[in-house]
Amino acid sequence: MFKAKLLLIGPSESGKTVLANFLSDTVETVGGEYCPTQGVRILEFESQNEGSGDKSSTCEVELWDCAGDFKFESCWPALMKDSNGVVIVFNPDTPRHLTEVETWYSMFISSQGLQDSQCLLMAHHKPGSGVDNGRPNLASHLNRLPLSHSNLEEDPEGVRQGFRRYLENIVQTLSESREREEMSIIT
């Protein structure tokens, strides 16, 4: 069984906590009022890889729901330590979020040397917003990253399936890394 530490990052009020609660099947009593995450919330759950029922296909996930406020920037190096993947959540209907994605990318992905397959851009559409499943207008170097649209109101199962596909890429990366490490010990 693999254990994956994934960071959910992005601008304030982009929907990170709502997505984290949904993806981890966490049930909380949440009012309609926005309550920003202070620092980080860590949600732990198991995820079964698709198409397989054996135990080796289960992954223990630590989903780190990171605050989007830059006042917590001094904590970011500690959050990044030993992370296996990063999901950048943003609201494509908010122009400020489109420009902030590049900052989040450089702070969390470029600085860690993560592969593109270890990153996921998630364009999170809030309830009642018009859904445009096209590619948002982001910096050109971000266009090579995988993009998933999420709308929990209209397609919750599609959001879950998109996250599972991303998680399968993370598990594949972990598996390849483990194999390389084992081969280096043998030789």
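In this chain, numbering begins with 1 at the start of the sequence shown. Both backbone and side-chain heavy atoms feed into the values below; hydrogens, waters and symmetry mates do not.
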- prompt: Measuring from His125:NE2 to Ser150:OG, what's the distance to the nearest 0.5 Å?
  reply: 6.5 Å
query: Taking the side chain as C-beta and beyond, is there a heavy-atom pair between Asp65 and Val40 under 4.5 Å?
result: no
message: Please tell me whether Trp104 and Glu102 have a donor and an acceptor in their side chains that are separated by less than 3.5 angstrom.
response: no
task: To the nearest 0.5 angstrom, please state how far the CD atom of Glu44 sits from the NZ atom of Lys5.
output: 11.5 Å
task: Working to the nearest 0.5 Å, report the span between CG of Leu63 and CZ of Phe163.
output: 5.5 Å
task: Taking salt bridge (charged side-chain N to carboxylate O under 4.0 Å, His left out) as the test, write out the residues that go with Glu179, two or more places apart.
output: none
Spacing of CZ belonging to Arg180 relative to OG belonging to Ser175, to within rounding of 0.5 Å: 9.5 Å
query: Of all heavy-atom pairs between Ser111 and Met107, which one has the smallest distance, and what is that distance?
result: OG-O, 2.6 Å
query: Hydrophobic clusters join Ile, Leu, Val, Met, Phe, Trp and Tyr when side-chain heavy atoms are under 4.5 Å apart, directly or via other members; which others share one with Met183?
result: Ile186
query: Can you name the residues that form a salt bridge (charged side-chain N to carboxylate O under 4.0 Å, His left out) with Arg178, not counting sequence neighbours?
result: none
message: Is the shortest side-chain heavy-atom distance between Phe108 and Met80 below 4.5 Å?
response: yes
Trp64: which of Ile9, Leu79, Val86, Leu8 passes side-chain contact (heavy atoms from CB on, under 4.5 Å): Leu79
field: ring-ring contact (aromatic ring centres under 6.0 Å, His included) against Tyr105, all qualifying residues, sequence neighbours excluded
entry: His141
- request: Could you tell me whether the side chain of His124 reaches within less than 4.5 Å of the side chain of Leu19, counting heavy atoms only?
  value: yes
task: Could you list all the salt bridge (Lys or Arg N to Asp or Glu O under 4.0 Å) pairs where at least one residue sits in residues 103-125, not counting sequence neighbours?
output: Asp116-Arg144
statement: Taking every heavy atom of Leu98 against every heavy atom of Leu138, the minimum-distance pair comes out as O-CD2, 3.6 Å
query: If only atom types and distance count, is the side chain of Thr173 paired as donor or acceptor with the main-chain N or O of Asn169 below 3.5 Å?
result: yes
Partner set under side-chain contact (heavy atoms from CB on, under 4.5 Å) for Thr94, not counting sequence neighbours: Asn91, Arg96, His97
message: Using the rule given for side chain to side chain contact (heavy atoms under 4.5 Å, CB included), can you reason through Leu152 versus Val18, listing the C-alpha separation, both sets of side-chain angles and the distance that settles it, and then say yes or no?
response: CA-CA 9 Å; Leu152 297 177; Val18 170; 3.5 Å; yes
task: Flag the pair Ser12 / Phe70 as yes when at least one side-chain heavy-atom distance between them is below 4.5 Å, and no otherwise.
output: no
- line: Sorted by chain and residue number, the side-chain contact (heavy atoms from CB on, under 4.5 Å) partners of Gln172 (sequence neighbours excluded) come out as Glu176
message: With a 3.5 Å distance limit and no angle check, can you tell me whether Arg41 reaches the backbone of Cys66 through a side-chain donor-acceptor pair?
response: no
query: What residues, two or more places apart in sequence or in another chain, satisfy side-chain hydrogen bond (donor to acceptor under 3.5 Å, both in side chains) together with Thr37?
result: Thr17
Atom of Lys16, atom of Pro11 and distance for their closest heavy-atom approach: NZ-O, 2.7 Å
query: Under a single-linkage definition using a 4.5 Å side-chain heavy-atom cutoff for Ile, Leu, Val, Met, Phe, Trp and Tyr, are Phe2 and Ile42 assigned to the same hydrophobic cluster?
result: no
- prompt: Do you know the tightest heavy-atom contact between Phe22 and Pro156?
  reply: CZ-O, 3.3 Å
- prompt: Do Glu60 and Phe45 come within less than 4.5 Å of each other through their side chains, counting heavy atoms only?
  reply: no
statement: What one should report as the nearest heavy-atom pair of Ala4 and Ile170 is CB-CG2, 4.0 Å
- prompt: If you look only at pairs with a residue in residues 68-87, which of them pass as a side chain to side chain donor-acceptor pair (under 3.5 Å), with sequence neighbours excluded?
  reply: Ser83-Gln112
task: Sequence neighbours left out, what passes side-chain contact (heavy atoms from CB on, under 4.5 Å) with Cys119? Give chain and number order.
output: Ile88, Ile109, Leu145
query: What's the shortest heavy-atom distance between Arg160 and Leu23, and which atoms?
result: NH1-O, 3.9 Å
- request: State whether the side chain of Ser24 and the backbone N or O of Ala20 hold a donor-acceptor pair below 3.5 Å, judged by distance alone.
  value: yes
task: Could I get the full list of side-chain contact (heavy atoms from CB on, under 4.5 Å) partners for Pro146, not counting sequence neighbours?
output: Leu120
Where at least one partner belongs to residues 6-15, residue pairs that pass salt bridge (Lys or Arg N to Asp or Glu O under 4.0 Å), sequence neighbours excluded: none
